[in-house]
Novice: 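Could you have a look at this structure, given as structure tokens, before my questions?
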Amino acid sequence: MEPPLIPESHLGRREQPSAPLRLLERLRHRLRTRHYSRRTEQAYVDWVRQFVRFHGRRHPRVMGEREIAEFLGYLANERRVSASTQNQAMSSLLFLYRHVLVADVGFIHGVPRAKRPSRLPVVLTEAEVRAVLGELRGVARLCALLMYGSGLRVSECASLRVKDVDLDRLEIIVRGGKGGKDRGVPLARVAVVPLRRQLERERERHGWDVRRGVRLTALPDALSAKLPNAELEWPWRYVFPAARVFRDSEGALRRHHLHVSRVQRAFATAVRAARIAKRATCHSLRHSFATHLLEGGADIRTIQELLGHTDLRTTMVYTHVIKRGGLGVSSPADRL
């Protein structure tokens, strides 16, 4: 007798809180119980969905190590995903079996953890940063200025709140960064004037939102219950809110922060317009922040704190890309 298949409707992307907890809902519930980030949750759910569809919608309960190995082999050999992507897929499946299905799949024979290659980050020179900023306009330019001037990730910049920007002390507090860590970073003086103008514009739109009853998207943890009016208050306002509002599942009007893809597209266009022959992304501004600080004589431990790295070895990669050449030596050809 063939095992029952998971209906295609159960693999949809929408949550169904009113229905009994199905596989993906149980997975989401377990991830939230363990306080995984929303981005990790989305990635894990998507990998489990792909795994089930790859095996003809068979339920993971009737599968095991062999099916996991087949799926990971397909990712590596046919889709040719990167090592980090393959490891993420493996982690999501191991989490499903160990914490949702409570089944020990043991060691997956033939599919060890993929070894991530050692890559040097793409770093822009100061002249290249200046050229890219010259091609950007408006909110995208201010976001790029903050990413370079404060070492922010693009997601940290887009979700920045008013209360975490101190124009007088020239400081930005990054809340709930990667790994759930908070950190303080410097605010560049050159960003103060455009940032103040941005806040003044948003102050007007904030008043308009309050009159219409437009709330922000849900606050982190249980703050919405502790501070029921915080979603309408100015300090909790996003510095870069989205242009459009939407209705949530309860019918309330809400406004999310600026989507990172808008900044990423604008930055990619600016890099092409500046004729920079590097595969630069928004994250290259964060790499450039760290590298230029190191070149300016900043202590490596200080840079580690500013970037929010747990392991110093992660920060040490920037010692290999400073402008003195590979490993800090000069080429013998220069002495000819």
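Worth saying up front: this structure is predicted, and the values here are computed from it rather than measured.
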Novice: Compare every heavy atom of Leu124 with every heavy atom of Ala280, then report the nearest pair and how far apart it is.
Specialist: CB-CD2, 3.9 Å
Novice: Show the nearest heavy-atom pair for residues Gly151 and Phe289, with the distance to one decimal.
Specialist: CA-CD2, 3.4 Å
Novice: Please determine whether residues Leu306 and Ile173 belong to a single hydrophobic cluster, defined as Ile, Leu, Val, Met, Phe, Trp and Tyr linked transitively by side-chain heavy-atom distances below 4.5 Å.
Specialist: no
Novice: Looking at Arg183 and Glu305, is there a salt bridge between them, counting it only when a charged N and a carboxylate O are closer than 4.0 Å?
Specialist: no
Novice: Say whether, by atom type as modelled, one donor and one acceptor occur between the side chain of Arg255 and the main chain of Ala242 under 3.5 angstrom.
Specialist: yes
Novice: Report the distance from atom CG of Asp164 to atom CD of Glu156, rounding to the nearest 0.5 Å.
Specialist: 11.5 Å
Novice: Aromatic rings Tyr44 and Tyr36: how do their planes relate, parallel, tilted or perpendicular, breaks at 30° and 60°?
Specialist: tilted
Novice: Hey, is the main chain of His309 close enough, under 3.5 Å, to the side chain of Thr314 for a donor-acceptor pair?
Specialist: no
Novice: What do the steps show when you test His257 against Phe240 for ring-ring contact (aromatic ring centres under 6.0 Å, His included), and what is the final call?
Specialist: CA-CA 6 Å; His257 60 68; Phe240 304 107; 10.0 Å; no
Novice: Passes side chain to side chain contact (heavy atoms under 4.5 Å, CB included), Leu94 versus Leu96? Steps please.
Specialist: CA-CA 5 Å; Leu94 292 179; Leu96 171 71; over 6 Å; no
Novice: Using 4.0 Å as the upper bound for N to carboxylate O, is an ion pair formed by Arg22 and Glu25?
Specialist: no
Novice: Looking at Ala89 and Leu72, what are the two nearest heavy atoms and their distance?
Specialist: CB-CD2, 4.0 Å
Novice: Is there a side-chain contact between His59 and Leu101, using heavy atoms and a 4.5 Å cut-off?
Specialist: yes
Novice: What distance do Glu202 atom CD and Trp234 atom CH2 have between them, rounded to the nearest 0.5 Å?
Specialist: 6.5 Å
Novice: Describe, in one word, how the ring planes of His283 and His287 are oriented to each other, choosing from parallel (under 30°), tilted (30 to 60°) and perpendicular (over 60°).
Specialist: perpendicular
Novice: Can you tell me how far CD1 of Ile172 sits from SG of Cys157, rounded to the nearest 0.5 angstrom?
Specialist: 7.5 Å
Novice: Check this for me: does any side-chain nitrogen of one of Asp248 and Arg215 sit under 4.0 Å from a carboxylate oxygen of the other?
Specialist: no
Novice: Do Tyr238 side-chain atoms and Thr217 backbone N/O form a donor-acceptor pair below 3.5 Å?
Specialist: no
Novice: Looking only at side-chain N and O atoms, does Arg39 offer a donor or acceptor that is under 3.5 Å from a partner on Gln42?
Specialist: no
Novice: Please round to the nearest 0.5 Å and tell me the distance separating atom CD of Gln264 and atom OG1 of Thr269.
Specialist: 11.5 Å
Novice: Does Val263 share a hydrophobic cluster with Val271, counting links as ILVMFWY side-chain heavy atoms below 4.5 Å and allowing steps through other members?
Specialist: yes
Novice: I'd like to know if the side chain of Arg254 and the backbone of Leu216 have a donor-acceptor N/O pair within less than 3.5 Å.
Specialist: yes
Novice: Any side-chain heavy-atom pair from Ile68 and Met63 closer than 4.5 angstrom?
Specialist: no
Novice: Kindly compute the distance separating OG (Ser288) from CG (Leu293), expressed to the nearest 0.5 Å.
Specialist: 10.5 Å
Novice: So, Arg244 versus His256: side-chain donor-acceptor pair below 3.5 Å or not?
Specialist: no
Novice: With side chains defined as the heavy atoms from C-beta onward, is the minimum distance between Leu195 and Val165 less than 4.5 Å?
Specialist: yes
Novice: What about Leu285 and Leu307, same hydrophobic cluster or not, with Ile/Leu/Val/Met/Phe/Trp/Tyr joined at side-chain heavy-atom distances under 4.5 Å?
Specialist: no
Novice: Checking Arg79 against Gln50: is there a side-chain donor and acceptor pair closer than 3.5 Å?
Specialist: yes
Novice: Given Phe95 and Val48, is the side chain to side chain contact (heavy atoms under 4.5 Å, CB included) satisfied, shown in steps?
Specialist: CA-CA 10 Å; Phe95 185 94; Val48 171; over 6 Å; no
Novice: Using a strict threshold of under 4.0 Å (side-chain N to carboxylate O), is an ion pair present between Arg313 and Asp311?
Specialist: yes
Novice: State plainly whether the residues Arg161 and Glu233 are in salt-bridge range, i.e. N to O under 4.0 Å.
Specialist: no
Novice: Looking only at the side chains, is there a donor atom on one of Ser82 and Thr85 sitting less than 3.5 Å from an acceptor on the other?
Specialist: yes
Novice: Does Val245 sit in a hydrophobic cluster with other residues, and if so which ones, taking ILVMFWY side chains as linked at heavy-atom separations under 4.5 Å, directly or through other members?
Specialist: Val214, Leu253
Novice: Just how far is it from atom CG of Leu31 to atom CZ of Arg38, taken to the nearest 0.5 Å?
Specialist: 10.5 Å
Novice: Between Val132 and Val122, is there shared hydrophobic-cluster membership here, with clusters defined by ILVMFWY side-chain heavy atoms closer than 4.5 Å?
Specialist: no
Novice: Please examine the side chains of Asp209 and Arg237, heavy atoms only from C-beta on, and report whether any two atoms are closer than 4.5 Å.
Specialist: yes
Novice: Can you name the salt bridge (charged side-chain N to carboxylate O under 4.0 Å, His left out) partners of Lys278, sequence neighbours left out?
Specialist: Glu128
Novice: Are any side-chain N or O atoms of Thr302 and backbone N or O atoms of Ala298, one a donor and one an acceptor, separated by less than 3.5 Å?
Specialist: no
Novice: Take Tyr97 and Arg61, measure what side chain to side chain contact (heavy atoms under 4.5 Å, CB included) needs, and give me the verdict at the end.
Specialist: CA-CA 8 Å; Tyr97 277 91; Arg61 189 180 293 108; over 6 Å; no
Novice: Could you state whether Trp236 and Val210 fall into the same hydrophobic cluster, counting links through intermediate Ile, Leu, Val, Met, Phe, Trp or Tyr residues with side-chain heavy atoms under 4.5 angstrom apart?
Specialist: no
Novice: In the hydrophobic clustering (ILVMFWY, side-chain contacts below 4.5 Å, transitive), which residues join Phe246, or is it alone?
Specialist: none
Novice: Excluding sequence neighbours, so at least two apart, what forms salt bridge (charged side-chain N to carboxylate O under 4.0 Å, His left out) with Arg66?
Specialist: Glu70
Novice: Would the distance check show the side chain of Arg30 and the main-chain N or O of His99 forming a donor-acceptor pair, the cut-off being under 3.5 Å?
Specialist: yes
Novice: Using a strict 4.0 Å threshold on nitrogen-to-oxygen distance, state whether Glu200 and Arg197 make a salt bridge.
Specialist: no
Novice: Does the side chain of Trp47 pick up a donor-acceptor pair with the side chain of Gln88 at under 3.5 Å?
Specialist: yes
Novice: Check for a donor-acceptor pair, side chain of Gln86 on one end and backbone N or O of Leu75 on the other, with a separation under 3.5 Å.
Specialist: no
Novice: Who pairs with Arg169 by salt bridge (charged side-chain N to carboxylate O under 4.0 Å, His left out), at least two apart in sequence or on another chain?
Specialist: Glu171
Novice: Would you say Leu170 and Pro186 make side-chain contact, with heavy atoms under 4.5 Å?
Specialist: no
Novice: Do Pro121 and Val317 have side chains that approach each other closer than 4.5 Å (heavy atoms only, starting at C-beta)?
Specialist: yes
Novice: Can you tell whether the side chains of Arg49 and Asp46 come within less than 4.0 Å, N to carboxylate O?
Specialist: yes
Novice: Show me, pair by pair, the donor-acceptor contacts under 3.5 angstrom made by side chains of residues 133-149, not counting sequence neighbours?
Specialist:
from: Arg137; atom 1: NH1; to: Gly134; atom 2: O; distance (Å): 2.7
from: Arg141; atom 1: NE; to: Leu133; atom 2: O; distance (Å): 3.2
from: Tyr148; atom 1: OH; to: His292; atom 2: ND1; distance (Å): 2.7

Novice: Start with the C-alpha distance between Ser37 and Thr40, add both sets of side-chain angles, then the distance that settles side chain to side chain donor-acceptor pair (under 3.5 Å), and finish with yes or no.
Specialist: CA-CA 5 Å; Ser37 71; Thr40 302; 2.9 Å; yes
Novice: Does the side chain to side chain contact (heavy atoms under 4.5 Å, CB included) test come out yes or no for Glu67 and Arg58, once each step is laid out?
Specialist: CA-CA 10 Å; Glu67 287 80 6; Arg58 293 167 60 198; 3.7 Å; yes
Novice: Measure the shortest side-chain to side-chain distance between Arg286 and Leu152 over non-hydrogen atoms and say whether it is less than 4.5 angstrom.
Specialist: no
Novice: For the side chain of His55 and the backbone of Arg57, is there at least one donor-acceptor N/O pair under 3.5 Å apart?
Specialist: no
